[in-house]
Amino acid sequence: MDPAPSPAQPPPPPVHVAIIMDGNGRWAKARGMPRTAGHKRGAEAVRRTVEAAREMGVSYLTLYAFSSENWKRPAGEVTDLMGLLRLYLRNEVSNLNKNGIRLKVIGDRTRLGADIVALIEESEARTAANTALTLVLALSYGGRQEIVAAARLLAEEVKAGLLAPSAIDDVALASRLSTNGIPDPDLVIRTSGEKRISNFLLWQGAYAELVFLDVLWPDFGRDELESAISDYHRRDRRYGTAAG
Ligand code: IPE
Ligand code: IPE
Ligand code: MG
């Protein structure tokens, strides 16, 4: 007799999920609250999402928290966002450690305050040995700026005679990006109904599946992550090959 068919295995989760966390301001405005209130609730959505991603078996979660272009916002809002970032780093690291989560920050640190840079370095060091999930926070991050920096590094190496121009290929460039060692995102989610990339992971996201959700970031949580991942599982990733 044939053995009973085993129940269908759920498909493995995407290895790397990246999220453009958008809509905090609109969430607050709809409630007649200041934008900062939206950012505060956004930080709670970050906690929920990190927890859910870890439980679902995602290996890398990259969150776009502050773009290179967000420095153009009013000084008061930038100060509030940096304050929330400080709070997050101070309060969350022990929780990250408890849950086996490693923190890595990408972006231009030269524009961040010295105390925040110190907090980032301390948080990265304290969580460096964790293996359940890598949480990548993109702060003061811009995809174009990152590619420009990598191009500059390559140029300096060529000038110093360490690298032949013919040795510059996609692997050489990728290894000079801040995401060196991190697999490319499989799934990029953007909340708030906007359908654009806004300078996020331009190189790395070349073949990412994109999911755009209308939900505003402060309302995002486990259900929304699960539904974006189910959407991802229905996609046919072809990487340029013929449709089967
Ligand atoms: C996302 O929410 C947070 C950051 C970009 C820092 P927004 O602040 O962009 O909210 P909206 O898009 O104005 O609603
Ligand atoms: C993208 O959101 C940046 C982050 C989520 C950190 P923005 O709100 O800054 O993007 P635009 O201005 O709508 O493109
Ligand atoms: Mg926005």
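Along the sequence shown, residues carry numbers from 1. Because the structure is a prediction, the values reported are computed rather than measured. Remember, it's 1-based here, ligands and their atoms both numbered in the order they're listed.
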Heavy atom of the protein closest to [atom] (residue, atom name, distance):
{"atom": "atom 5 (C) of ligand 2", "answer": "Met21 O, 3.3 Å"}
{"atom": "atom 10 (O) of ligand 1", "answer": "Gly25 N, 2.9 Å"}
{"atom": "atom 2 (O) of ligand 1", "answer": "Asn24 N, 3.1 Å"}
{"atom": "atom 8 (O) of ligand 1", "answer": "Arg73 NH1, 2.7 Å"}
{"atom": "atom 14 (O) of ligand 2", "answer": "Ser198 OG, 2.6 Å"}

Which of these, Val17, Leu133, Leu135, Ile182, sits in a side chain to side chain contact (heavy atoms under 4.5 Å, CB included) with Tyr60?
->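 The side chain to side chain contact (heavy atoms under 4.5 Å, CB included) with Tyr60 is passed solely by Ile182 among Val17, Leu133, Leu135, Ile182.
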
Salt-bridge contact [X]-[Y] (side-chain N to carboxylate O under 4.0 Å):
{"X": "Arg90", "Y": "Glu122", "value": "no"}
{"X": "Lys104", "Y": "Glu124", "value": "no"}
{"X": "Asp186", "Y": "Arg237", "value": "yes"}
{"X": "Glu51", "Y": "Lys98", "value": "no"}
{"X": "Arg47", "Y": "Glu44", "value": "no"}

For Arg190, is the nearest heavy atom under 4.0 Å from an atom of ligand 2?
->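 Under 4.0 Å: yes for Arg190.
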
Identify, by atom number and element, the atoms of ligand 2 in contact range of [X], meaning under 4.0 Å from any of its heavy atoms.
{"X": "Asp22", "value": "2 (O), 8 (O)"}
{"X": "Phe66", "value": "6 (C)"}
{"X": "Asn70", "value": "3 (C), 6 (C), 9 (O)"}
{"X": "Arg196", "value": "11 (P), 13 (O), 14 (O)"}

Counting only non-hydrogen atoms of the protein, does one fall under 4.0 Å from atom 12 (O) of ligand 2?
->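 So far as the 4.0 Å threshold goes, atom 12 (O) of ligand 2 is out of reach of every protein heavy atom.
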
Ser192: heavy atom below 4.0 Å from ligand 1, yes or no?
->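 No; Ser192 lies far enough from ligand 1 that no heavy-atom distance drops under 4.0 Å.
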
Does the Asp80 side chain pair with the main chain of Glu77, one donor and one acceptor, at a distance under 3.5 Å?
->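 The answer is no, because no donor-acceptor pair under 3.5 Å joins these two groups.
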
Between the side chain of Arg48 and the main-chain N/O of Arg222, is any donor-acceptor distance below 3.5 Å?
->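 Such a contact is absent between Arg48 side chain and Arg222 backbone.
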
Would you kindly specify which portion of Glu69 sits under 4.0 Å from ligand 1, judged on non-hydrogen atoms: side chain, backbone, both or neither?
->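 For Glu69, there is no contact with ligand 1 at all, from either part.
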
How does His39 reach ligand 1, if at all, at less than 4.0 Å between non-hydrogen atoms: by side chain, backbone, both, or neither?
->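 Answer for His39: side chain.
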
Gap separating the CZ atom of Phe200 from the CD atom of Glu146, nearest 0.5 angstrom =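 Phe200 atom CZ to Glu146 atom CD measures 10.0 Å (nearest 0.5 Å).
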
Reported OH-to-CD1 distance for the pair Tyr64 and Ile106, which is rounded to 0.5 angstrom |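 Answer rounded to 0.5 Å: 9.0 Å.
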
Arg109 atom CZ: more than 12 heavy-atom contacts under 6.0 Å |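 Enclosed.
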
Does the N or O separation between Tyr64 and ligand 2 drop below 3.5 Å for any pair?
->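 Checking ligand 2 against Tyr64, no N or O pair falls under 3.5 Å apart.
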
Please state which part of Phe200 comes within less than 4.0 Å of ligand 2, counting heavy atoms only: side chain, backbone, both or neither.
->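 No part of Phe200 is near ligand 2 at this cut-off.
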
Could an N or O of ligand 1 be found under 3.5 Å from any N or O of Ala65, whether backbone or side chain?
->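 N/O-N/O distance under 3.5 Å: no.
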
Please find the N/O/S atom of Asp22 nearest to the Mg ion (ligand 3) and write down its name.
->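 Sorting the N, O and S atoms of Asp22 by distance to the Mg ion (ligand 3) puts OD1 first.
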
